[in-house]
Structures are given as C-alpha cells and as structure tokens.
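This report refers to the structure that appears directly beneath it.
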Amino acid sequence: MSKIEEVKAKVEAGKSKLIPGLVQEALDAGIVPAEILQAMVDSMSVVGDKFSAGEIFVPEMLIAAKAMSKGVEVLKPLMAGDSSSSLGTCVIGTVAGDLHDIGKNLVSMMIESTGFEMVDLGVDVPADAFVEAVKNNANVKLVACSGLLTTTMPAMKEAVQTIKAAFPDLKVIVGGAPVTPEYAGEIGADGYAPDAGSASVKAKELVT
Ligand code: B1M
C-alpha cells in the first residue's frame, strides 16, 4: 500500500493516533501537502457514502473526522501562504444547528493564507453572534458562513440577512456542500465558493 493509500485508509478507519506520523511519512516521501489533503477529503466522502448506505453510524463519522483534523494540524504550517499583506479581519463560523467544522477549518486556513486575520467562532453559531463578533473586532472586512446540512440552510439565510441588516456594506461569503451559487445569491450573500481554495480567491476579490 502506498503512503497516500495508507493515509486514506487510516482516516477512514479513524486511527487518530497514527495519522500525524503517517502524514509526516507521506511528506518525507515527497508527497505535496495538497495531495495529502485531497486524499483525506476523499476519505471523508467515502465515510459519508458509507453513512448514507447505513454501513457506519455517527460515532464512526466522528472518529474519522477527528483523524482528519489531526492530519490537517500537521499540514497547516506547510499550507499557510505569505500573509504579510493585511486584507483585514474575517469572521468565520458554521451556522446555527450545524456541528460540521472540517470544511470550515480548511476554508479558514486558506482565507488566512491570503492575508486575512481570522476570528473563528466555531460551530453552531447563531446569527447574532456573527454580528457581535463584527462589532467586537477591529477592521472586519468579511464574514464567512459555512453549512453542511440541508436542514441548516434556513439558519444560513438568517445569518446572512442578520449580518446584512446590521452592516449593509460588509461582504459575506457562504459555502458548504448543500450551498449553490443560486442559493447564495437568493439569500443575499456577496460571494459563494465551492471549496477552500476558491473561497480564498473569492474572499480576496470581495475586499479588494
Ligand atoms: Co455529518 N453529515 N451529520 N457528521 N457528515 C454529512 C454532511 C452528510 C452529507 C453525510 C451523509 O448523509 N452522506 C449528511 C448531511 C445530509 C444533508 O443534510 N444533505 C450528514 C448528516 C445527516 C449528519 C447528522 C444529521 C447525522 C445524524 O446525527 N443522524 C449529524 C448532524 C449534526 C449537526 O451538525 N447538528 C451529523 C454529524 C456529523 C459528525 C459530528 C459525526 C461529523 C462532523 C465532525 C466535524 O466536523 N468535526 C460528521 C461528518 C464527518 C460528516 C461527513 C462524513 C464529512 C464532512 C466533512 O468533514 N467533509 C459528511 C459527508 C460528506 O461530506 N460527504 C457528513 C470533508 C470536508 C473537507 O468537506 O465539509 O464539504 P466539506 O467542506 C468543503 C466544502 O463543502 C467547502 O469547502 C470545504 C473544503 O474544500 N466549504 C466551503 C465548506 N464550508 C465552506 C464555506 C465557504 C466556502 C466553501 O465559504 C464561507
């Protein structure tokens, strides 16, 4: 089994303790961080498919997520870009009722790498908490809302509309698997991105 296949298999199996070492071994073998990250993202898709098929349950999804997060910790310093230029502060969070944070963390990492200071509110963030964070932090130029559940799409709408009502000129970007560009436009967001890489490009575009 190649190193990359090993990383994939162990993320799927939720082997958190083994992942940092395996990711390091993959790096030492010359595999680039983006490829290792993609392998782990692919593992999470497999995990999601197995969950949909009733082959695994919430605890297995949770331990796989934990394993992936351990791998991301190793990659993070290597993926951070040149953030010497400052584009302002970006407040980020996963919307109310939603506990998924891996995608949000990747988006945060990539937006940070383009030159934003990040204020991460975590998961299950009520609309008002985004507004409070904008008030309580200096130089906020962007709010980023993530959501992974179709059931929390109304919470995303509420977040965007509450932020926009309080700060009409502040830019808001949204994303997450159930979000479409059409939905983003419909709820009044200024930007949408399908993945972490394009979120960082869009984030910069929105404030410059
Ligand atoms: Co959940 N879960 N989950 N889950 N989970 C999904 C999302 C699901 C698709 C699985 C499935 O059924 N196949 C499904 C949602 C179905 C739907 O609504 N359409 C689902 C469900 C149903 C649930 C529960 C309801 C299960 C239950 O309890 N019966 C429950 C809900 C809990 C809650 O939130 N209230 C639940 C719970 C969990 C865990 C807690 C166990 C765990 C999350 C742990 C954690 O995040 N710390 C979990 C996991 C791990 C998953 C899957 C397997 C993996 C998610 C993930 O991390 N993917 C997921 C299946 C799947 O995604 N195929 C699933 C990897 C990550 C890198 O991708 O998050 O999509 P993603 O992020 C991408 C893009 O979406 C985008 O960029 C990211 C990186 O490229 N993106 C943005 C994300 N945010 C963005 C913001 C942007 C721009 C782009 O701008 C601001």
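Counting from 1, the numbers follow the sequence of the chain as shown. Atoms within each ligand, like the ligands themselves, are counted from 1 in listed order. Computed from a predicted model, the values in this text were never measured in an experiment.
In this structure, Ile173 and Cys90 have side chains that are not in contact, with every pair of non-hydrogen atoms separated by 4.5 Å or more. Side-chain contact between Val134 and Val143 is present, with at least one heavy-atom pair separated by less than 4.5 Å. Contact annotation: the side chain of Ser16 never approaches that of Ile63 to less than 4.5 Å [non-hydrogen atoms, C-beta and beyond]. Contact check for Leu206 versus Val172: no side-chain heavy atoms found under the 4.5 Å cut-off. Looking at Ile36 and Val74, their side chains never come closer than 4.5 Å, going by heavy atoms from C-beta outward.
Nearest protein neighbour of atom 85 (C) of ligand 1, counting heavy atoms only, is Gly175 C, 3.3 Å. Nearest protein neighbour of atom 13 (N) of ligand 1, counting heavy atoms only, is Ser52 OG, 2.7 Å. For atom 84 (N) of ligand 1, the closest non-hydrogen atom of the protein is Ser146 OG, 2.7 Å. In terms of protein heavy-atom proximity, atom 75 (O) of ligand 1 is nearest to Ala177 N, 3.2 Å. For atom 44 (C) of ligand 1, the closest non-hydrogen atom of the protein is Ala65 CB, 3.6 Å. Looking only at protein heavy atoms, the nearest one to atom 67 (C) of ligand 1 is Leu106 CD1, 3.6 Å. In this structure, the protein non-hydrogen atom closest to atom 79 (C) of ligand 1 is Ala196 N, 3.8 Å. The protein atom (non-hydrogen) at minimum distance from atom 73 (C) of ligand 1 is Gly103 CA, 4.2 Å.
At a threshold of 4.0 Å, the pair Glu5-Lys8 does not count as salt-bridged, since none of the basic side-chain nitrogens sits closer than that to a carboxylate oxygen. In this structure, Glu12 pairs ionically with Lys50, as a charged nitrogen and a carboxylate oxygen lie closer than 4.0 Å. Ion pairing between Lys3 and Asp28 fails under the 4.0 Å rule for side-chain N and carboxylate O.
Every atom of ligand 1 with a heavy atom of Asp98 under 4.0 Å away is listed here by number and element: 34 (O). Close contacts of ligand 1 with Asp195, meaning ligand atoms under 4.0 Å from a residue heavy atom, involve 76 (C), 77 (O), 80 (O). Contact atoms of ligand 1 toward Met44: 50 (C), 53 (C), 54 (C), 58 (N), 65 (C) (distance under 4.0 Å to a heavy atom of the residue).
Within the structure, every pair that satisfies the side-chain hydrogen bond (donor to acceptor under 3.5 Å, both in side chains) test and touches residues 152-161, not counting sequence neighbours, is listed here: Asp98-Thr152. Applying the side-chain hydrogen bond (donor to acceptor under 3.5 Å, both in side chains) test to residues at least two apart or on different chains, none of the pairs has a partner in residues 61-77. Under the side-chain hydrogen bond (donor to acceptor under 3.5 Å, both in side chains) criterion, the residue pairs touching residues 164-179 are Lys164-Asp190, with sequence neighbours excluded.
Formation of a donor-acceptor pair under 3.5 Å by the Tyr183 side chain with backbone atoms of Met153 is found in this model. A donor-acceptor contact shorter than 3.5 Å links the side chain of Thr94 to the backbone of His100.
Contact annotation for atom 8 (C) of ligand 1: protein absent (non-hydrogen atoms, distance under 4.0 Å). Atom 11 (C) of ligand 1 lies below 4.0 Å from at least one non-hydrogen atom of the protein. Proximity of atom 91 (C) of ligand 1 to the protein is indicated by at least one non-hydrogen atom lying closer than 4.0 angstrom.
In terms of polar-atom proximity, Ile173 is not counted as a contact of ligand 1, lacking any N or O under 3.5 Å from an N or O of the ligand. Taking any N or O of Asp49, backbone or side chain, none lies under 3.5 Å from an N or O belonging to ligand 1.
Which of Thr151, Asp101, Val46 comes nearest to atom 47 (N) of ligand 1 through a heavy atom is settled by distance: it is Asp101. Among Ile56, Val123, Leu62, Ile102, the residue whose heavy atom lies nearest to atom 41 (C) of ligand 1 is Leu62. For the residues Ser45, Ala193, Pro194, the heavy atom positioned nearest atom 88 (C) of ligand 1 is part of Ala193.
Counting only protein N, O or S atoms, 1 lie closer than 2.8 Å to atom 1 (Co) of ligand 1.
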(request) Mind running side-chain hydrogen bond (donor to acceptor under 3.5 Å, both in side chains) on Ser198 and Asp195 for me, showing each step along the way? (result) CA-CA 6 Å; Ser198 53; Asp195 55 46; 2.8 Å; yes
(request) Could you please spell out the steps behind the side chain to side chain contact (heavy atoms under 4.5 Å, CB included) verdict for Val72 and Asn105? (result) CA-CA 9 Å; Val72 172; Asn105 293 344; 5.8 Å; no
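For Thr152, no heavy-atom contact with ligand 1 is shorter than 4.0 Å. The part of Cys145 lying near ligand 1 is the backbone, judged by heavy-atom distances below 4.0 Å.
Residues Asp42 and Ser45 have side chains that never bring a donor and an acceptor to within less than 3.5 angstrom of each other.
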